[in-house]
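Scroll down for the structure; my scribbles are underneath it.
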Amino acid sequence: MTLNWTTKSYNALALNELYSLLQLRSEVFVVEQHCAFQDIDGQDEAAYHLLGRTDDGQLAAYARLFDAGKCYEQVSIGRVVVSPAFRRFSFGRQLMNQAIAECEALFGPQPIKIGAQYYLRAFYQSLGFVQQGDIYLEDDIEHIYMLRA
């Protein structure tokens, strides 16, 4: 199964797209990960939103893309999420490869920074990201900064 990808600025999102992406983020980051935190953090307006939909329109994968200086000093990718209903298709790698390509198309080739959940470091390393610094806690979940040069 392949996904149909679209990238939109906040103002270009349709209401149903915004609802779908917020619903998916809440399902995974708040409910599944048992983490009471403010997902709607005021940064969605500054981001580009990468949406991966199935042929029948279901949102299966999502990420936020930021230009340098918006979230970090570098271009960045965040809120990387695959719907639990579609994880058996290994969309995580497809999502990250698409996110990297979209960052390069939007912002030009340059380093990309992420704040990754620590347990996923090997996955991100396989995509060319290198750990930067020590483990830190974000909402009681271990994270690390990683950079892809």
Derivation of the side chain to side chain donor-acceptor pair (under 3.5 Å) call for Tyr62 and His49: CA-CA 7 Å; Tyr62 167 83; His49 302 269; 2.6 Å; yes
Distance from Met96 atom CE to Leu120 atom CG, nearest 0.5 Å? 10.0 Å
Determine whether Tyr145 and Tyr136 satisfy the following criterion, side chain to side chain contact (heavy atoms under 4.5 Å, CB included), listing intermediate values before the conclusion. CA-CA 9 Å; Tyr145 291 116; Tyr136 65 94; 3.5 Å; yes
So which atom in His143 and which in Gly115 form the shortest heavy-atom distance, rounded to 0.1 Å? CD2-O, 3.6 Å
Between Gln38 and Ile40 (side chain of the first, backbone of the second, donor and acceptor by atom type, cut-off under 3.5 Å), is there such a pair? yes
With Tyr119 via ring pair (Phe, Tyr, Trp, His ring centres under 6.0 Å) - residues at least two apart: none
Going by the rule side-chain hydrogen bond (donor to acceptor under 3.5 Å, both in side chains), which residues pair with Asp139 if we only count those two or more places apart in sequence or in a different chain? none
Nearest 0.5 Å, what's the CG-SG distance between Leu65 and Cys71? 11.0 Å
Do you reckon Phe91 sits in the same ILVMFWY cluster as Leu51, going by side-chain contacts under 4.5 Å, direct or chained? no
Are there over 12 heavy-atom neighbours, none belonging to Tyr48, within less than 6.0 Å of that residue's OH? no
Could you tell me which non-hydrogen atom of Ser83 sits nearest to which non-hydrogen atom of Leu24, and how far apart they are? CA-CD1, 3.6 Å
Lys NZ or Arg CZ of Arg25 over Phe29 ring: under 6.0 Å, within 45°: no
Student check: side-chain heavy atoms of Val75 and Pro111 closer than 4.5 Å: no
Quick one: closest heavy-atom pair of Ile77 and Ala99, and the distance? CD1-CB, 3.8 Å
If hydrophobic clusters are built from ILVMFWY residues whose side chains come within less than 4.5 Å, do Leu18 and Val30 share one? yes
Taking a hydrophobic cluster as the set of Ile, Leu, Val, Met, Phe, Trp and Tyr residues connected by side-chain heavy atoms closer than 4.5 Å, whether directly or through intermediates, do Phe89 and Leu59 fall within one such cluster? no
Separation between CD (Gln132) and OH (Tyr72), nearest 0.5 Å, reads 12.0 Å
What's the verdict on side chain to side chain donor-acceptor pair (under 3.5 Å) for Gln94 and Gln98, showing C-alpha distance, side-chain angles and the deciding distance? CA-CA 6 Å; Gln94 193 179 130; Gln98 188 70 31; over 6 Å; no
Decide yes or no on side chain to side chain donor-acceptor pair (under 3.5 Å) for Gln125 and Gln131, but give the supporting numbers first. CA-CA 8 Å; Gln125 286 171 338; Gln131 182 172 338; 5.1 Å; no
Would you say Ser26's side chain and Gln23's backbone share a donor-acceptor pair under 3.5 angstrom? no
By side-chain hydrogen bond (donor to acceptor under 3.5 Å, both in side chains), Arg148 pairs with (sequence neighbours left out) none
Spatial distance of atom CZ (Phe86) from atom CE (Met1) [nearest 0.5 Å]: 6.0 Å
Which residue, Leu3, Ile100, Val80, Val81, forms the side-chain contact (heavy atoms from CB on, under 4.5 Å) with Leu95? Val80
Nearest 0.5 Å, please: how far is CG in Asp134 from OH in Tyr118? 10.0 Å
Got Val130 and Leu147 here, is their nearest side-chain heavy-atom distance under 4.5 Å? no
Residues two or more places apart in sequence or in another chain: which of them pass salt bridge (Lys or Arg N to Asp or Glu O under 4.0 Å) with Glu17? Lys8
Would a hydrophobic clustering, with Ile, Leu, Val, Met, Phe, Trp and Tyr connected at side-chain separations under 4.5 Å, put Ile144 with Tyr124? yes
Please evaluate residues Leu106 and Asp67 with respect to the criterion side chain to side chain contact (heavy atoms under 4.5 Å, CB included), reporting the C-alpha separation (whole Å), side-chain torsions for both, the decisive distance (0.1 Å), and the verdict. CA-CA 8 Å; Leu106 289 166; Asp67 197 358; over 6 Å; no
d(Gln74 CD, Phe107 CZ) to nearest 0.5 Å is 13.0 Å
For Leu50 and Trp5: C-alpha separation, side-chain torsions, deciding distance, then whether side chain to side chain contact (heavy atoms under 4.5 Å, CB included) applies. CA-CA 7 Å; Leu50 175 61; Trp5 297 100; 3.6 Å; yes
Quick one: closest heavy-atom pair of Ile112 and Ser76, and the distance? CG2-CA, 4.2 Å
Taking NZ, NE, NH1 and NH2 as the nitrogens, is one of them in Asp39 or Arg79 under 4.0 Å from a carboxylate oxygen of the other? yes
Modelled atom types, side-chain donor and acceptor of Gln117 and Glu138, under 3.5 Å: no
Sidechain-backbone polar pair: Thr54 side chain, Gln58 backbone, donor-acceptor under 3.5 Å: yes
Got a sec, which residues hit side-chain hydrogen bond (donor to acceptor under 3.5 Å, both in side chains) with Thr2, two or more places apart in sequence or on another chain? none
Any salt bridge between Asp41 and Arg64, counting N to O under 4.0 Å? yes
Could you check whether atom CG of Asp140 has more than 12 heavy atoms from other residues, nucleotides or ligands sitting under 6.0 Å from it? no
Provide the closest heavy-atom pair for Tyr10 versus Asp44 in the form atom of the first, atom of the second, distance. CB-O, 3.5 Å
Just do the side chain to side chain contact (heavy atoms under 4.5 Å, CB included) check on Leu137 and Glu142 with the steps written out, would you? CA-CA 5 Å; Leu137 286 180; Glu142 290 183 328; 3.9 Å; yes
Step-by-step side chain to side chain donor-acceptor pair (under 3.5 Å) determination, Ser9 to Asn11: CA-CA 5 Å; Ser9 68; Asn11 289 329; 5.6 Å; no
Considering only Ile, Leu, Val, Met, Phe, Trp and Tyr, and joining two whenever side-chain heavy atoms are under 4.5 Å apart, list the other residues clustered with Val31. none
Would you call Arg93 and Phe123 a side-chain contact if the rule is heavy atoms closer than 4.5 Å? yes
